[in-house]
Amino acid sequence: MASPRSLYLVSRPLYTEDSLAEKHEKVCRDRKTLSQHVLQYFKWDTKRAKKAGLSLLPIIGWMRIYQIKSWLLGDIVSGVSTGLVAVMQGLAFAMLASLPPEYGLYTAFFPMITYFFLGTSRHISVGAFPVLSLMVSAVVTTMVPEKGDAVDIPGFDGKDKEQKRVLVASSMTFLVGMYQLGMGLLQVGFVVRYLSDTLVSGFTTAAAVHILVSQLKFILGLEVTSFNGVLAIIYTLEEIFVKIGDTNLCDLVTSLLIIGMVFVYKEVNDTYKDKLPVPIPIEVIMTVIACGVSYGLDFEKRYQITVVGEMKRGYEAPIAPDIDVMKASAMEAFPVAIVGFAVAYSVAKVYSVKHDYTIDGNQELIAFGVSNMFGASFKSFAASTALSRTAIQESSGGKTQVAGLVAAMMAMLVTLALGFLLAPLPKSVLGALVVVNLKGMLMQFSILPSLWRKDKLDLVVWVVTCLASILLGLDLGLGVGLGVELLTVVFRTQFPRCSVLANLTGTDLYRDRKDYMCITAQKGVVIFKIPSPIFFANVDFFREKLNDAVGFNPLKVLRKRNKAERKMKDASIWASRHEGDVVATWPDMHADEPEQPMQIDWKGNLPSNVSVPRVDLHSLILDFSAVTFLDIAGITGLKMVVKEFIRLRVDVYIVSCDECILEKLHRCAFFDDDVSRSIFYPSLHDATLSVLESQKGAHPPGSVLAVSRL
């Protein structure tokens, strides 16, 4: 049963913007000058220093409210669970980055240490992320290819291939951190807003396809050349199919078993996750089993599979980044910095909303910048977050980054003492773990039908970003996707859906006259609405749509009237007209001016040899309620439009114009003898009643606004 509709009655005078300003005095606000803003920015006091300290070290804020009895046990359990997964993913994602597995453990440890102090998110798990690993791999394999010589860089002298690759990855990661730190200090964290969810979804889906293809060589046990650049994925697949006959069946069977068992477990876990106290680390269990079976059956010698092998124990001394490598990877490092931050910020925002706390985008940039620079000094590669690890950290009881610190300690424990146990682990198992964790990203293909129904421009962004990233590479693909996304914004503002409004009978509401049956449209009145800014790119479109709405081009009508006047004057036909017909005087006119004298009644009887379009329009109302700004070109175009209609004796009204726009019109000398401020009205209904009043020549019912709505 429908609820009773409320009734409201409003009785007030009819207002223009001028009369409204006279009746209701505005507050005079003192606006700060640029110099005052600068002085305020550099002015420091005790309160601001305290706020800055809490901002730069968010750990102070949440440590003060840390509930040891309630949170500590949950953080420890969560940290252990997350740490086990982080170790396995670190090993796998290091291979994805074309680096030895132990460097994935470094990435699981060092960045987390600094993020613990500087990060504002209490739940994300900082460490390796497959998309960033793949982007790092593209630079690593380009500068230090599998076959052939490395690029000529002085810093490579005396180093073997592995050391060169580690130097490239760490130097690039240091540069990634510098980019992020610089953007954070410059307070430009808003740049991530230009990466829409649709764009990120298409990009990460393409990255998942790249990752899947890159892991096929481990799953099949093949030696495949690493390709980079445009169509690299096609060349990789071509070589895999050429060598498919050399597949190592032991690697293939092991990988398929791991993928199948982990996939089935994850599906069951998702179904019964509410009944489990903590998620079971299935990746760790399968890794331990695979290590035991590989060691017991001697897979390496018996079946010639590739294993992780002996890993370095402990941590190496910190190194300085190579300047030449940083110069060579400057272009590739920037998209890595943007993507890493965008993914981490998106995930952090989800959990901050869920647990009711705030995150600071600029501080997150600083935190990840410092974390990547610190980690790169100890030979780790680019870090962000992974949704699967973060989900485990949050769902297993993690309340703060104490859980992240415990997870980092788990990675340290493996590096210092337990790494030798992973020596017999087949690399195909790590490849299988990478593939099975791609499920979430690959399932994003399922959103395409939804995008088709909801927003086809978003669908275009998704498809173009995904295809470009697959075929051109992740860095170029991201640029193409961003370009297409910005083009859709331009398209939406340059070609908005304009409409002609009419009054809903019995109300003060106005809607598109094509959408409703019971409407009241006044004869000779057009109400035109443009739902976008008016600026240089769409001012011509605005004029075209307005001409379509009124049914004629005012400039052409003016020119035809001028031509008709000259024709009638030259023929000297006025003396032969009867009284009551067209009466005119003949002031001096200029042929090149689209202006005509006002003495001629163009709706009256005209000579048979004179043809001028009839204009029945007497009032034009422009609804500016959705116009957010006008630039110089927009103001100039609007003034020309208004003047053209005024010269045609059409009254023009502009309604619901924002105060900031009115102020700008004053600054830009919009008003003159022809165009006055009196044409501006605060609401559409005010303007409509004013039209009725002016046309009837009397005080019509409703000129004092009395509106009722049931």
Side-chain angles (χ1 to χ4, degrees), residues 120-121 124 129 131-132 134-135 175-208 330-350 352-353 358-369 372 382-385 387 441 444 447-448 451 454-470 472-496 531-533 535-538 628-629 631:
T120 59
S121 174
I124 64 171
F129 179 55
V131 176
L132 298 193
L134 190 65
M135 297 175 79
L175 183 58
V176 168
M178 289 179 62
Y179 281 140
Q180 291 173 331
L181 178 60
M183 288 189 290
L185 293 176
L186 293 174
Q187 303 287 291
V188 292
F190 64 87
V191 296
V192 73
R193 297 173 188 169
Y194 291 97
L195 301 179
S196 67
D197 292 341
T198 304
L199 183 144
V200 172
S201 174
F203 177 77
T204 53
T205 303
M331 293 294 293
E332 292 83 358
F334 187 72
V336 174
I338 295 296
V339 171
F341 169 65
V343 171
Y345 183 76
S346 300
V347 175
K349 188 165 59 175
V350 170
S352 70
V353 172
T358 59
I359 56 173
D360 183 346
N362 292 312
Q363 180 61 27
E364 285 293 293
L365 273 170
I366 293 173
F368 275 103
N372 277 315
S384 180
T385 189
L387 184 57
M441 290 193 286
Q444 292 177 128
I447 71 172
L448 291 179
L451 287 177
K454 294 177 180 178
D455 195 320
K456 292 180 175 57
L457 284 180
D458 272 353
L459 175 68
V460 171
V461 172
W462 196 100
V463 171
V464 172
T465 302
C466 186
L467 290 178
S469 299
I470 290 174
L472 305 180
L474 295 180
D475 48 356
L476 290 177
L478 180 63
V480 171
L482 184 59
V484 172
E485 183 180 54
L486 294 178
L487 283 177
T488 62
V489 175
V490 172
F491 182 82
R492 294 177 197 270
T493 55
Q494 189 169 349
F495 305 104
S532 79
F535 60 110
F536 68 94
N538 72 350
T628 54
F629 73 86
D631 66 357

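Below, all heavy atoms of this structure are taken into account, side chains as well, without hydrogens, waters or symmetry copies.
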Sequence neighbours excluded, which residues qualify as salt bridge (charged side-chain N to carboxylate O under 4.0 Å, His left out) partners of Asp360?
none
Please find the pair of heavy atoms, one from Ser384 and one from Leu132, that lie closest to each other, and give the distance.
CB-CD1, 3.6 Å
Matching residue for Thr488 among Val464, Thr198, Asp458, Val461 - test: side-chain contact (heavy atoms from CB on, under 4.5 Å)
Val461
Please list, chain by chain and in numerical order, all residues satisfying salt bridge (charged side-chain N to carboxylate O under 4.0 Å, His left out) with Asp197, sequence neighbours excluded.
none
All heavy atoms of Ser532 vs all of Asn538, minimum pair found to be OG-ND2, 3.3 Å
Indicate whether any N or O donor in one side chain lies under 3.5 Å from an N or O acceptor in the other, for Thr120 and Gln363.
no
Validation row, ring centre Phe334 to ring centre Tyr179 under 6.0 Å:
yes
Phe203 side chain reached by Val131 side chain, heavy atoms, under 4.5 Å:
yes
By ring-ring contact (aromatic ring centres under 6.0 Å, His included) - contacts of Phe495 (at least two apart)
Phe491, Phe541
Donor-acceptor contact present, side-chain Ser352 to main-chain Lys349, <3.5 Å:
yes
Give a yes or no on whether the backbone of Ala344 and the side-chain of Glu364 come within a donor-acceptor separation of less than 3.5 Å.
no
Thr465 side chain to Trp462 main-chain N or O, any donor-acceptor pair under 3.5 Å?
no
Test item: Ser201 and Ile447 side chains (from C-beta on) under 4.5 Å apart, heavy atoms:
yes
Mind telling me whether Phe535 and Phe629 have parallel, tilted or perpendicular rings, with 30° and 60° as the class edges?
tilted
At their closest point, which heavy atom of Val336 faces which heavy atom of Ala382, and how far apart are they?
CG1-CB, 4.0 Å
